Amino acid sequence: MNAAPSKTDARARILAAIRAVPAGSVAGYGHIARRAGLPARARLVARVLRDHGDPDLPWHRIVRSDGRIAFPDGSAGFREQAQRLRAEGVTVTRGRVRMPAGDTLDAALWGPDGHD
DNA sequence: ATTTTGACGACCC
DNA sequence: TGGGTCGCCAAAA
């Protein structure tokens with residue numbers, strides 16, 4: 001029934017999906033978008049992350065689909081994200097983290113159908 | 001209304 | 001792994 005989710009709702013879903021990422025783990029932008037019911041809206045996720053305004057939001061757990069940090073190498077955001085991830089036990093090598101292998105593990109972590 | 005931009009992604013080589 | 005192309009979408013210019 002939700003054929004036309006308003007932008008506000010979409011944003012709320014995205015934020016929820018981001019908060020659903022467990023500490024010590026990472027997720028891609030497209031991954032979050034899909035999880036929020038918004039396929040092909042990875043860029044929207046980026047936009048939300050840029051604006052969010054919630055200090056508790058685990059934005060640092062969101063990386064590119066290839067595992068690379070989305071900030072320019074060497075930038076403040078880049079370093080901060082790497083630092084935060086390491087603080088959670090995530091290994092960051094050359095600004096890159098190891099992405100979860102298959103969706104199977106992903107489903108196990110988040111729920112096979114819908115669990116937010 | 002048209003073009004550019006951006007914390008992106010899938011493909012290809 | 002790494003570099004380049006093309007597609008996608010919303011906000012800004």
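The structure displayed is predicted, hence computed values, not measured ones.
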Qualifying residues under side-chain contact (heavy atoms from CB on, under 4.5 Å), relative to [X], sequence neighbours excluded:
X: A/Ala46; result: A/Tyr29
X: A/Ser65; result: none
X: A/Arg68; result: A/Asp66, A/Arg94, A/Arg96

(message) Tell me the interatomic distance from A/Arg41, atom CZ, to C/dA11, atom C1', rounded to whole angstroms.
(response) 15 Å

(request) Sequence neighbours left out, what pairs pass salt bridge (Lys or Arg N to Asp or Glu O under 4.0 Å) with at least one residue falling in residues 40-52 of chain A? (result)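 Found none.
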
(request) With sequence neighbours excluded, give me every salt bridge (Lys or Arg N to Asp or Glu O under 4.0 Å) pair touching residues 74-83 of chain A. (result) A/Glu80-A/Arg84

(message) For a quick check, with a 4.0 angstrom heavy-atom cut-off, what is the B/S/- contact string for nucleotides 6-13 of chain B, read 5' to 3'?
(response) BBBSS---

(message) Out of the candidates A/Thr8, A/Asp9, A/Leu15, only one should pair with A/Arg11 under the side chain to side chain contact (heavy atoms under 4.5 Å, CB included) rule; please name it.
(response) A/Leu15

(request) Could I get the full list of side-chain hydrogen bond (donor to acceptor under 3.5 Å, both in side chains) partners for A/Glu88, not counting sequence neighbours? (result) A/His60, A/Arg61

(message) The criterion is side-chain hydrogen bond (donor to acceptor under 3.5 Å, both in side chains); which residues satisfy it with A/Arg19, sequence neighbours excluded?
(response) A/Asp54

(message) Contact list please: residues 86-99 of chain A against DNA chain C, heavy atoms, distance less than 4.0 Å, in numerical order.
(response)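 A/Arg94, A/Arg96 - these, ordered by number, are the residues of the stretch whose heavy atoms sit under 4.0 Å from the strand.
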
(request) Scan residues 73-80 of chain A against DNA chain B and write down, sorted by residue number, each residue with any heavy atom closer than 4.0 Å; if none is found, say none. (result) none

What N/O pairs connect the protein and nucleotides 1-5 of chain B at under 3.5 Å? Give each pair on its own line.
none

(request) Could I get the full list of salt bridge (Lys or Arg N to Asp or Glu O under 4.0 Å) partners for A/Arg86, not counting sequence neighbours? (result)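 Checked A/Arg86 against salt bridge (Lys or Arg N to Asp or Glu O under 4.0 Å); zero matches.
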
